[in-house]
Student: 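Here it is: the structure, laid out below.
Sequence positions, counted from 1, serve as the residue numbers for this chain.
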Amino acid sequence: MKGVLRQAALTLYRSLPVPVRRAFFAGHARYCPVCDSAVGRFVEAGVNALRPDARCPVCGSEERQRLAHVYATRRAGILGPGTKRVLHMAPSACLERRLPRIPGVRYTAADLDPGPGQLQADITALPFEDASFEIVWCSHVLEHVVDDRAGMREMLRVLVPGGHAIVQVPVSANHTIEDASVTDPERRLELYGQRDHVRRYGPDVLARLRDAGFEAEALGPEDLLTEDEPVLMAVPDDEVVYACVRPRGRDN
């Protein structure tokens with residue numbers, strides 16, 4: 001019963017206009033950089049287990065989207081002046097609304113199972129020519145992909161030299177755990193934490209990205225946020241953005 005009421009409340013507030021949502025959650029205890037909203041609190045979010053204080057009630061961003069947005073706008077500066085072709089794989093709704101509104105952004109949303117306004121695309125065989133984009137945004141996708149290394153190589157291929165890939169995956173192991181023979185959803189839930197995941201990543205995902213040809217680094221809140229912003233934006237210490245660049249002068 002509690003879950004039904006929670007879902008009904010979420011549906012209700014999501015249907016409200018943005019100014020009404022901002023007014024309803026008025027305050028300054030939390031700040032969302034995606035929609036530039038100060039609110040009194042964030043709301044819970046999660047698939048298998050609910051995380052309190054996780055989702056912006058105005059735009060729906062969660063911890064990973066807020067940190068990645070700060071990286072893109074503040075650290076990398078890749079969403080600043082100038083035309084940028086952006087490929088967004090399996091886009092989150094908050095960024096799918098936000099990115100096309102940035103001046104100069106030419107936005108393409110794609111998914112294996114596309115929704116409205118999205119192209120159908122398999123990340124392991126992208127239907128785009130070489131060097132088609134300045135930015136590829138790929139958040140919480142690769143843990144669903146059997147051949148994640150092929151997906152990484154495809155992201156590299158469709159980027160221009162010097163182009164950026166913003167990659168995020170859930171990291172919950174010391175080393176990446178995977179077994180292609182495991183196809184049962186319940187066994188995957190047990191091993192990987194979600195029925196549609198095919199591996200549990202460790203920090204060595206960074207090595208995979210570098211093996212694919214990227215110049216890559218792992219950046220956390222301590223690298224991207226000021227001292228008070230992890231609390232203000234409700235971004236936990238273990239959230240990571242893998243900042244990847246296609247080297248200039250590289251031939252695929």
Student: Starting from V160 and following side-chain heavy-atom contacts under 4.5 Å between hydrophobic residues (I, L, V, M, F, W, Y), which residues can be reached?
Tutor: none
Student: Check step by step if side chain to side chain contact (heavy atoms under 4.5 Å, CB included) holds for V235 and L225.
Tutor: CA-CA 9 Å; V235 177; L225 305 180; 4.2 Å; yes
Student: The criterion is side chain to side chain contact (heavy atoms under 4.5 Å, CB included); which residues satisfy it with T73, sequence neighbours excluded?
Tutor: H69, L79
Student: Only counting residues at least two apart or in another chain, list the ones meeting salt bridge (Lys or Arg N to Asp or Glu O under 4.0 Å) with R30.
Tutor: D53
Student: Distance-only, no hydrogens or angles: does the T124 side chain make a donor-acceptor pair with backbone N or O of G151 under 3.5 Å?
Tutor: no
Student: Do the side chain of D204 and the main chain of T176 share a donor and acceptor less than 3.5 angstrom apart?
Tutor: yes
Student: With sequence neighbours excluded, tell me which residues meet salt bridge (Lys or Arg N to Asp or Glu O under 4.0 Å) with E62.
Tutor: R51, R55
Student: Listed by chain and number, what are the ring pair (Phe, Tyr, Trp, His ring centres under 6.0 Å) partners of Y71, not counting sequence neighbours?
Tutor: none
Student: Measure the CH2-OG distance between W137 and S92 for me, rounded to the nearest 0.5 Å.
Tutor: 8.0 Å
Student: Could you name each residue pair satisfying salt bridge (charged side-chain N to carboxylate O under 4.0 Å, His left out) that touches residues 164-187, not counting sequence neighbours?
Tutor: E178-R199, E178-R208, E186-R195, R187-E190
Student: Applying side chain to side chain contact (heavy atoms under 4.5 Å, CB included) to R66 and C56, what does each step give before you reach the verdict?
Tutor: CA-CA 9 Å; R66 294 192 288 273; C56 171; 4.3 Å; yes
Student: Could you name each residue pair satisfying salt bridge (charged side-chain N to carboxylate O under 4.0 Å, His left out) that touches residues 98-125, not counting sequence neighbours?
Tutor: none
Student: Among residues at least two apart in sequence or on other chains, which ones pass salt bridge (Lys or Arg N to Asp or Glu O under 4.0 Å) with E96?
Tutor: none
Student: Can you tell me how far apart OG (S172) and CG (D238) are? Round to the nearest 0.5 Å.
Tutor: 10.0 Å
Student: Just to verify, what does D223 make a side chain to side chain contact (heavy atoms under 4.5 Å, CB included) with, not counting sequence neighbours?
Tutor: R75, L219
Student: Is there a donor-acceptor pair closer than 3.5 Å between any side-chain N or O of Q120 and the backbone N or O of L112?
Tutor: yes
Student: With distance as the sole test, does Q168 use its side chain to make a donor-acceptor pair with the main-chain N or O of R64 at under 3.5 Å?
Tutor: yes
Student: Could you measure the distance from the CD atom of E222 to the CG atom of D237? Nearest 0.5 Å is fine.
Tutor: 7.5 Å
Student: What residues, two or more places apart in sequence or in another chain, satisfy side chain to side chain contact (heavy atoms under 4.5 Å, CB included) together with H144?
Tutor: Q194, D196, H197
Student: Closest heavy-atom contact between T83 and E134?
Tutor: O-OE1, 4.4 Å
Student: Which residue pairs pass the ring-ring contact (aromatic ring centres under 6.0 Å, His included) test with at least one member in residues 89-119, sequence neighbours excluded?
Tutor: H88-Y107
Student: Just to verify, what does A216 make a side chain to side chain contact (heavy atoms under 4.5 Å, CB included) with, not counting sequence neighbours?
Tutor: L206, L209, R210, F214, C244
Student: I'd like to know if the side chain of E143 and the backbone of V169 have a donor-acceptor N/O pair within less than 3.5 Å.
Tutor: no
